[in-house]
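Scroll down for the structure; my scribbles are underneath it.
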Amino acid sequence: MALPSTSVPVSTFPLHLLPASDPPYKLLQNHPSLSLLSKCKSIQTLKQVHSHIIKTGLHHTQFALSKLIEFCAVSPFGDLPYALLLFHSIDEPNQVIWNTMIRGLSLSSTPELAMEFYVKMIWSGILPNSYTFPFVLKSCAKMDSTQVGEQVHGQVLKLGLDSDAFVHTSLINMYAQTSQLRNARLVFDKSPLRDAVSYTALITGYISIGYMESARELFDEIPVRDVVSWNAMIAGYVQAGQYEDALAFFKEMIEANVVPNESTLVTVLSGCAQSGSLEMGKWVRSWIDDHGLGFNIHIVNALIDMYSKCGELDTASDLFEGLEQRDVISWNVMIGGYTHMSCHKEALGLFQRMLQSNIEPSDVTFLSILPACASLGALDLGKWIHAYIDKNFQYSDNISIWTTLIDMYSKCGSIEAAQQVFNSMKHRSLASWNAMISGLAMHGLAEKALELFSRMTNERYKPDNITFVGVLSACSHAGLLDLGRQYFSSMVQDYAISPDLQHYGCMVNLLGRAGLFDEAEALIQNMEMKPDGAIWGSLLGACRVHKRVELGESVAKHLFELEPENPGVYVLLSNIYAGVGRWDDVARIRTLLNNKGMKKVPGCSSIEVDRVVHEFLVSDKVHPRCKEIYDMLNEVDTLLEKAGFVPDTSEVLQDMDEEWKEGALSHHSEKLAIAFGLISTKPGTTIRIVKNLRVCGNCHSATKLISKIFNREIIARDRNRFHHFKDGSCSCNDYW
DNA sequence: GTAGGGTTAG
């Protein structure tokens with residue numbers, strides 16, 4: 001923005017002729033250069049105004065300087081270093097300037113500096129006043145320093161400023177925010193100052209420690225409740241997960257004729273989102289539209305979040321696309337909405353659009369987008385994001401970001417990178433350890449996972465139920481039956497964690513695979529809860545391995561009851577029949593499936609090349625490079641045959657679709673993805689693929705050979721775990 | 001004679 005320099009009637013204000021003490025206030029207040037300040041939207045414009053102020057001589061006045069500093073230190077378009085520069089250029093800053101500087105610093109990420117200025121102010125002979133203490137107390141709260149806070153409280157009393165309403169509330173708030181609720185209450189009780197603001201400060205203290213009932217009692221005492229008091233209560237109920245109370249309070253508020261504001265609506269909508277109350281959300285929306293607030297970006301963001309969390313992605317997307325100006329939060333809620341509903345490709349697409357729109361992603365963006373990368377196996381994009389975070393968030397102490405990176409790398413097949421991130425972390429949360437242990441487990445690196453577990457307990461971290469899912473699944477992926485048994489009983493006895501379905505699932509899997517069916521069934525019978533499909537499914541899988549047809553049939557019965565719509569059960573049972581050559585039964589099941597109109601979930605494999613995720617279905621012919629892919633597939637089959645590979649047809653039912661006749665075995669989705677990988681990546685580089693189902697035995701054997709023939713490491717993620725194919729063998733040692 | 005306290009979304 002260029003300044004309208006000529007239109008400013010500088011000559012009428014010959015201020016530079018005036019002495020150091022400020023000219024009459026009225027004259028300054030209406031000065032055109034200063035009124036320009038309020039219109040500033042960037043630091044560049046501010047600097048222009050500053051030079052203007054120097055030209056007019058206004059910079060000799062403390063008033064103008066205080067206004068400049070205020071803009072730099074407090075406004076969202078400000079620049080704190082510039083404010084400090086200005087401040088240090090002043091010989092004897094007055095009280096207002098000191099207060100403004102302290103105010104700016106109290107808002108910054110370095111509240112310690114505000115305290116430093118407060119001390120310097122007193123040293124320079126200027127007394128703090130009732131404007132100083134709210135900022136100073138806010139800084140104490142931010143630093144979470146109880147000692148400094150109490151000292152400042154002493155100074156407030158010495159100066160007799162505790163009777164000022166603003167200072168009083170700031171004291172309550174300081175104590176409430178530093179977990180000294182008893183002191184907050186004491187300050188409140190001792191004073192006759194009881195307006196809605198001081199009540200609300202105390203109420204939020206109670207809310208922060210989860211005392212909703214005490215908060216409610218205080219709320220009922222407030223002589224005149226204002227909108228903020230209502231908002232605080234509604235937010236408290238939402239935070240406490242008492243969504244019904246929150247929504248009831250909102251209705252009560254409207255009945256009490258208190259007009260909701262932006263905060264109210266954002267909070268209420270967040271409550272609807274978290275509790276999945278679509279109907280209430282719609283009602284709130286109609287209220288918003290009726291009151292003309294449908295264009296407020298913060299409210300629309302909250303609406304988008306509400307709709308996507310309640311499963312109405314289309315409505316959410318319509319609202320999102322209808323926005324003229326989208327902020328980070330808008331983008332983040334929409335990306336998060338897609339991730340929430342497992343629409344990972346849409347989430348990725350939106351993230352790319354966000355970057356193209358030059359919107360700077362935030363930590364929340366990464367927490368939504370990295371799980372999408374993980375789910376799709378989009379390693380290159382994940383790596384790019386990691387580099388971006390390293391560059392822009394170098395000093396970020398956000399542990400959850402690093403934890404999410406560990407998870408992303410593990411699930412994208414790069415367990416080494418996951419370990420690097422884990423090792424580089426200075427501070428770790430329980431979740432970081434859990435992510436690393438589960439990562440090692442899904443890669444079949446049981447020994448390392450168990451090692452990490454003991455390291456974790458040595459470092460005094462307390463394992464939780466999720467840790468043990470990782471530990472037990474490590475045992476189950478490696479077939480470590482005895483160790484699995486030991487950890488299972490240690491979990492119950494040493495850590496007092498009662499096993500849930502996932503823990504039992506691992507144990508049933510271990511026992512079943514070892515052929516200990518009696519023990520597995522006994523375990524299931526002794527469970528406190530009803531076994532779910534995963535437990536029976538795991539047992540059914542074991543029946544296939546051990547060719548236990550009759551047991552398989554009875555297990556399948558449980559599954560038919562539990563998951564009548566799951567075609568996978570039929571497929572597995574038919575594979576059991578096929579395994580013992582009972583082809584009549586195989587055919588019977590196929591007819592059964594057809595009659596029920598059920599189709600097996602199509603196998604789908606994906607591979608990321610140059611940050612684009614390519615998906616393949618069985619016998620897929622839609623890829624633009626389809627011909628090259630099938631040429632490569634033919635070459636692969638020829639070479640496999642030459643190497644003496646004999647296809648195992650015992651799992652043909654996996655190709656129940658029409659294509660099964662054309663020998664679709666060699667056109668399984670994972671083979672298409674591998675063929676595409678072979679033609680589209682450099683020789684010798686690793687090929688990574690992701691499959692939605694378990695890899696079949698035939699493809700497993702074929703891939704082992706492919707890794708040798710083409711000299712490629714192939715890392716495949718299936719529904720359960722990772723397989724690292726290299727030099728003709730697989731990391732799972734054919735146990736999966 | 002500038003300014004200041006309590007509520008808000010991912």
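Remember, predicted model here, so these are calculated numbers, not experimental data. Excluded from the calculations below are hydrogen atoms, water molecules and symmetry mates; all remaining heavy atoms, backbone and side chain alike, are included. Throughout, protein chains are lettered first and strands after them, A, B, ... in sequence-line order, and every chain is numbered starting at 1.
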Answer with base, sugar-phosphate or nothing: what part of the nucleic acid does [X] contact at a heavy-atom distance below 4.0 Å?
X        : answer
A:Ser66  : base
A:Val96  : base
A:Asn94  : base
A:Ser130 : base
A:Ala273 : nothing
A:Gln95  : nothing
A:Phe133 : nothing
A:Ser362 : base
A:Ser330 : nothing
A:Asn99  : base
A:Ala196 : base

Fill in the blank from the handout: For A:Cys373 and A:Met408 the tightest heavy-atom approach is CB-CG, 4.0 Å

Exercise for the section: Using only heavy-atom distances, determine whether the side chains of A:Ser229 and A:Asp226 contain a donor-acceptor pair under 3.5 Å. Expected result: yes

Exercise for the section: Indicate whether the side chain of A:Asp195 and that of A:Ser198 have a donor and an acceptor atom separated by less than 3.5 Å. Expected result: yes

Exercise for the section: Residues of residues 206-215 of chain A with any non-hydrogen atom less than 4.0 angstrom from an atom of DNA chain B: list those, numerically ordered, please. Expected result: none

So, [X] and [Y], do they make that salt bridge, N to O below 4.0 Å?
X        : Y        : result
A:Glu321 : A:Arg326 : yes
A:Arg194 : A:Asp189 : yes
A:Glu221 : A:Arg216 : no

Practice task
Evaluate the side chain to side chain contact (heavy atoms under 4.5 Å, CB included) criterion for residues A:Val259 and A:Val227: first the C-alpha distance (whole Å), next the side-chain angles of each, then the deciding distance (0.1 Å), finally the verdict.
Solution key: CA-CA 7 Å; A:Val259 182; A:Val227 61; over 6 Å; no

Handout entry: A:Lys391 NZ/CZ over A:Tyr388 ring centroid, <6.0 Å and within 45° of normal
Key = no

Problem - A:Ser139 (side chain) donor-acceptor with A:Phe135 (main chain) under 3.5 angstrom - result: yes

Handout entry: Heavy-atom contact window of chain A on DNA chain B, given 5' to 3' at under 4.0 Å
Key = B:dG1 to B:dG10

